[in-house]
There are 2 protein chains.
Amino acid sequence: MNLAIGDLSRRTGVKIPTIRYYEQIGLLPSPARTEGQQRRYGPDELHRLNFIRHARELGFEVDAIRQLLGLASDPGRSCGEVHDITKTHLAEVNHKIARLSALRDELEAMVACDNRRISECRIIEVLADHGECQHRQH
Amino acid sequence: MNLAIGDLSRRTGVKIPTIRYYEQIGLLPSPARTEGQQRRYGPDELHRLNFIRHARELGFEVDAIRQLLGLASDPGRSCGEVHDITKTHLAEVNHKIARLSALRDELEAMVACDNRRISECRIIEVLADHGECQHRQH
DNA sequence: ACTACGACCTCTAGCGGCTAGAGGTTCAAG
DNA sequence: CTTGAACCTCTAGCCGCTAGAGGTCGTAGT
Ligand SMILES: [Zn+2]
Ligand SMILES: [Zn+2]
Ligand SMILES: [Zn+2]
Ligand SMILES: [Zn+2]
């Protein structure tokens, strides 16, 4: 298997500039090159990029992925650190959900406005004055 | 009332560089200046910045806020457009909540791994293969 | 009136995670 | 050997700020 960057892109669903970006930030290793300096990838890079893509889809930050990749390359090691990273990420996801849910409640109360004019619109009133909000903090 | 930028910052909770940034992108109008070119703000700018800050806290994008401010300055107008903007934003918030909730489920299933080693860790397995995921798409 | 110093000024660059374009080169099929 | 799609590098842009360098202003105290 000897893939050009476009092949790798099609197989992983990661866009070409993104692949080059990942190389630039050290997330993907510098691949072999042809004499004309074109990149050629093998199965290792394919797996690694699939891993990266999936972790990104699951919301992990690039720095967390870097750590996960480092740990994953050491099969005999305890998976405790992997769990720590994942739990930290899960906590952030839960935090975001909580914040967005509060936002949703607030916005739903706002769109319940049935006035016709800006001068009396509930949405504008609430935006102008946080005291009108249901939650004390956002 | 004749506020220096630091006073305005303390009264609104918006950081000084952010205030200057809002001016630069045309969200806040250019204020009066002293002879030495220092900014001086009055009550209008104070209210406007409070509005901006609150809308940002409620997750509205800067461009939406620009539109909202334009509409808010026209009291006799129908508030239909304000509602459209808010409903669009609410839909995006709901979409994000749905996506994050799916992520949370996936991550919770992953952290349920009770193995000890990387070589058998459920988290690493799932990251390496989306086929292991519960949801078909993220 | 003068000094000290905190608050202000502009300008530039950086964050994360890409994405897009210009302008030039290489590869592979016919 | 020619064509043209695919590749290369480099730079800049997106959003919404945030930070720093290096210099000027305003005002309180003496
Ligand atoms: Zn209304
Ligand atoms: Zn509020
Ligand atoms: Zn594990
Ligand atoms: Zn998956």
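Below, chain A is the first sequence line, B the second, and so on; all start at residue 1. Just the heavy atoms: all of them, side chains too, but no hydrogens, waters or symmetry mates, feed the values below.
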Fill in: Distance below 4.0 Å between A:Arg39 side-chain N/O and D:dT9 OP1 or OP2
yes
Item to complete: Look at B:Glu92 together with B:Lys96 and state whether they make a salt bridge at an N to O cut-off of under 4.0 Å.
Response: no
Worksheet item: How would you label the contact of B:Arg20 with the nucleic acid (heavy atoms, under 4.0 Å): base, sugar-phosphate, or nothing?
Response: base
Practice prompt. Using atom CD1 of B:Ile5 as one end and atom P of D:dT18 as the other, report the distance to the nearest whole Å.
Written response: 13 Å
Discussion item. Tell me the interatomic distance from A:Leu3, atom CG, to C:dC27, atom C1', rounded to whole angstroms.
Written reply: 16 Å
Practice prompt. Examine C:dT10: is either OP1 or OP2 under 4.0 Å from a nitrogen or oxygen in the side chain of B:Arg33? Give yes or no.
Written response: yes
Item to complete: Tell me which nucleotide among D:dC7, D:dC17, C:dC8 gets nearest to the side chain of A:Ala4.
Response: D:dC7
Worksheet item: Once you round it to whole Å, what is the distance between P of C:dA7 and CG of B:Asn2?
Response: 17 Å
Practice prompt. Measure the distance from CD on B:Gln37 to C1' on C:dT10 and round it to the nearest whole Å.
Written response: 11 Å
Worksheet item: Whole Å only: how far is the CG atom of A:Asp63 from the P atom of C:dC18?
Response: 13 Å
Worksheet item: If you count the non-hydrogen atoms of other residues, nucleotides and ligands that lie under 6.0 Å from NE2 in A:His135, is the total more than 12?
Response: yes
Item to complete: Please confirm whether the backbone N or O of A:Pro29 pairs with a side-chain atom of A:Glu45, one donor and one acceptor, at under 3.5 Å?
Response: no
Practice prompt. Using whole Å, report how far CD of A:Glu23 lies from C1' of D:dT9.
Written response: 12 Å
Discussion item. Base, sugar-phosphate or nothing for B:Ile25? Non-hydrogen atoms, less than 4.0 Å.
Written reply: nothing
Worksheet item: Of all the nucleotides listed (C:dC18, D:dT27, D:dC17), which has the minimum atom distance to the side chain of A:Tyr21?
Response: C:dC18
Discussion item. Starting the side chain at C-beta, find the nucleotide from D:dT9, D:dG26, C:dC18 nearest to B:Gln38.
Written reply: D:dG26
Worksheet entry | Of A:Gly36 and B:Arg56, the one whose closest DNA chain D nucleotide lies more 5' | A:Gly36
Worksheet item: Do the side chains of A:Cys79 and B:Ile118 get nearer than 4.5 Å, heavy atoms only?
Response: yes
Worksheet item: Counting side-chain heavy atoms from CB outward, which of C:dG17, D:dC17, C:dT19 is closest to B:Tyr22?
Response: D:dC17
Fill in: Separation of atom CD in A:Gln24 from atom C1' in C:dT19, rounded to whole Å
13 Å
Worksheet item: The side chain of A:Ile16 lies closest to which of these nucleotides: D:dC7, D:dC17, C:dG17?
Response: D:dC7
Item to complete: Please determine if a side-chain N or O atom of A:Thr34 lies less than 4.0 Å away from the OP1 or OP2 oxygen of C:dC27.
Response: yes
Worksheet entry | Whole angstrom value for the distance that separates P of D:dG26 from CG of B:Asp7 | 14 Å
Item to complete: Please round to the nearest 0.5 Å and tell me the distance separating atom CG of A:Asp129 and atom CD1 of A:Ile124.
Response: 13.0 Å
Item to complete: Look at A:Arg53 and C:dC18 and indicate whether a side-chain polar atom (N or O) is within less than 4.0 Å of OP1 or OP2.
Response: no
Worksheet, complete the sentence: Among C:dC8, C:dC18, C:dT19, the one nearest any side-chain atom of A:Pro17 is C:dT19
Worksheet item: For B:His138, does the NE2 atom have more than 12 heavy-atom neighbours from other residues, nucleotides or ligands under 6.0 Å away?
Response: yes
